[in-house]
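Just so you know, ligand 1 is whichever comes first in the structure, and atom 1 is the first atom listed for that ligand.
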Amino acid sequence: MTDRVYQAGETVGVLTTEPLGRSGLGVLDYRAPEGGCGDGDFVEVPLGPRRVLGVVWGKGEGRFDPAKLRSVARVLDAPPMRAELRAFLTRAADYTLTPLPAMLRLATRAPGLADGVATRRVVRLTGQVPNQLTDARFRVVEALRDYGGAAVTAVELAEAAGCGPSVIKGLVKIGVLSEEDAPKDTPYPPLDPSGKVRLVGDQVAAGDALAAAVAQGGYGCTLLKGVTGSGKTEVYLEAVAECLKAGRQALVLLPEIALTADFLARVEARFGARPAEWHSGVTMTERRRLWRMVAIGGASMVVGARSALFLPFQDLGLIVVDEEHDSSYKQEEGVLYNARDMAVLRAAIAGCAVVLASATPSLESWANADAGKYLRLDLGARFGAAEMPKMQAIDMRADPLPGNQWISAKLVAEVNARIPRGEQSLLFLNRRGYAPVTLCRACGQQVGCDDCDARMVEHRFLKRLVCHQCGATKPVPVACPACGVEGRMSAVGPGVERLAEEVALRFPDARVAVLSSDLFGSARALKDQIVAIAQGQADIIIGTQIVAKGHNFPLLTLVGVIDADLGLQGSDLRAAERTFQLMRQVAGRAGRAEIKGVAFLQTHQPEHPVIRAILGGEEEAFWAAEAAERRAAGVPPYGRMAGIILSGPDVAQVFDFAGEMARRDGPLRAIGAQVFGPAPAPVARVRGRHRVRLLIKAEKSAPLQAALSAWVAQFKLPTNLRLAIDIDPQSFM
Ligand code: ADP
Ligand code: ZN
């Protein structure tokens, strides 16, 4: 795409963020305004009685009489969207079969695009902090420190600290905070890439290779594989340094907000300043600043969640996807996309290097490296004295436990041995809440959600039952909703909260910390807890899968997996892969510092091939076996799949429509694709809507998207039905 300029009155196409037109393309014709406009300009255009945001998108269809077209209302004072980003949005829309307006919305998630540059009042720390502060005032000071110098208004600060505006006013009055006018958007402090870290062993060659890839310019994808603690972060920061030296911008994607505190500190230590941050926890003011600065080169490094991929970089030189296997890179609502795949796409379009880093790569990336499409770099050993933990199974069939206990005698003994030594133990259970099932002992009825086909999970912390599908809650019933018998409702199976109860009983003197995403009001509280644990303020950590994600706990030497079989149930294509990754990630938490770690897997099936592969640590053998199975079945990454979910209030209607779609499969058959279903989706009802699924399977080289579009276009969807297309589905919900 080359940028064109249009004279006043010429016809231009404008892509708006409104879902318009039969094709849903959303590009409408307008007349260029007084003074003209150019491709990529952000504009405001009249649409019915409203004015909406849009981007100039080529010269328009020109099918209408220009005299009858409405004129672009005004060109906004925002940096135009580059051809590179426009091409990326177009290709990403084509790939995910998403209407372009929805793609554009992802790329315009910054407030105040329509406002010019101005000033606003921000609050800052003066440096005077009295020893005595009320709780609320203390929280404000802490919250402001958290922003690390980023601009914050009083309103945003009050919200972040969870207090009223009067607390901020009070702090200004006593001189702890000052208020000042600041230009709305200032550049981020420059990073200094000259500092050197001395890489060692395998790190040297890997660092050199990555730096060379960046220096060379142009697209290239590298899979950087290394066990947790092997120094992947240090190595890819070499690539970032090279990118900064070349004067280009670097983007590092991380899967979890909770991870960034540690990461930001490391970047600051190495490059002398913090990078720009982009995720849901960032204030609107800061988002606006970042969005503008990235566009004009005032931010050289961005650390962000998956949506950072849609930022208007001026000159992208490198994208790093850390923990590339992480399933949270797949956006499962709204626009269904996988940020890892989209990162590779954007890098290809921008002509820049992309690095996928992981201790346990996805099979997709493993296969791409295997096929020679990606360069693969391996870091073999852990940095310094740290070694990968020894892994061992505890056969739960040998010593069955009483019905309300889940920690084996062996594990209890191991934990007890560590407490007096000041070493930490992690008990891992990937299940939030207290108990997954609430059952009536009189009639056997299980309490389910009224709107979903899901059992409700007891959360004692909230004192309620919660549906993990839709979030609905209700009190734990005293009488059975089915048979009416009172006092026989009981909790079955463990969640982390119940495990915490057992821990309190078995280890009465231990200090216990529970890490579960739902137990923390804010990302900040979770970060605080993680820091406290790292400093040794807990003997036993009980955690769900958030603990698997890269946190560094130097005193942790024991990992006990309460139920290693949990992920192996279910028919998910990726069950084995996920379990393998999760167990290895969790085990990788142990023994990161000087002391050697050990991991125990409680299992009822120690002979299961996946459990054996985990224990044996024969990674390549595991991947090769898994790859062979998928190749034989013709499923991803050796074949292509798409999930179609139809949902609606009336189950028969949804099934009928899905059946009709399955029968009229001509466009799919034309490319050799097969349709499976309709079948009830694994979660067959959510928020009162019945969900039916079709699964499409095609060969790897088949033009799946085009065929899907042609197929879907044959049908007129009744207004009460919804259809979602998920290309490369990750979860099969
Ligand atoms: P990974 O990203 O593979 O989990 P990290 O890069 O976080 O590994 O490294 C683990 C720890 O070892 C970190 O504390 C890191 O600072 C340290 N480390 C790794 N390599 C080096 C090195 N070459 N020099 C100094 N410290 C290092
Ligand atoms: Zn529900």
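You'll find the ring centres of Phe310 and Tyr337 inside the 6.0 Å limit.
Distances from atom 16 (O) of ligand 1 to the heavy atoms of Gln203, Glu234, Arg198 show the closest one on Glu234.
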Please output the side-chain donor-acceptor pairs of residues 370-379 that fall under 3.5 Å, not counting sequence neighbours, one pair per line with the distance.
{"from": "Tyr374", "atom 1": "OH", "to": "Asn368", "atom 2": "ND2", "distance (Å)": "3.2"}
{"from": "Arg376", "atom 1": "NE", "to": "Asp378", "atom 2": "OD1", "distance (Å)": "2.7"}
{"from": "Arg376", "atom 1": "NH2", "to": "Asp378", "atom 2": "OD2", "distance (Å)": "2.9"}
{"from": "Arg376", "atom 1": "NH2", "to": "Glu620", "atom 2": "OE2", "distance (Å)": "2.7"}

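A salt bridge is absent between Arg432 and Glu497: the closest approach of a Lys/Arg side-chain nitrogen to an acidic carboxylate oxygen does not fall below 4.0 angstrom. Ion pairing of Glu323 with Arg340 is absent here, as no side-chain N (NZ or NE/NH1/NH2) approaches a carboxylate O to less than 4.0 Å.
In terms of polar-atom proximity, defined here as any N/O pair under 3.5 Å, Val197 makes no such contact with ligand 1.
Distances shorter than 4.0 angstrom do not occur between any heavy atom of Gly226 and any atom of ligand 1. Residue contacts with ligand 1: Val235 is excluded, as none of its non-hydrogen atoms falls under 4.0 Å.
Close approach to Val227 involves these atoms of ligand 1, each under 4.0 Å from a residue heavy atom: 3 (O). Within ligand 1, counting atoms from 1 as listed, the ones closer than 4.0 Å to a heavy atom of Gly231 are 1 (P), 3 (O), 5 (P), 6 (O), 8 (O), 9 (O), 19 (C). With ligand atoms numbered from 1 in the order given, ligand 1 contributes 23 (N) to contacts under 4.0 Å with heavy atoms of Leu199.
Within the structure, no pair that satisfies the salt bridge (Lys or Arg N to Asp or Glu O under 4.0 Å) test touches residues 208-217, not counting sequence neighbours.
At a cut-off of 3.5 Å, with distance as the only test, no side-chain donor of Gln537 or Arg511 sits close to an acceptor on the other residue.
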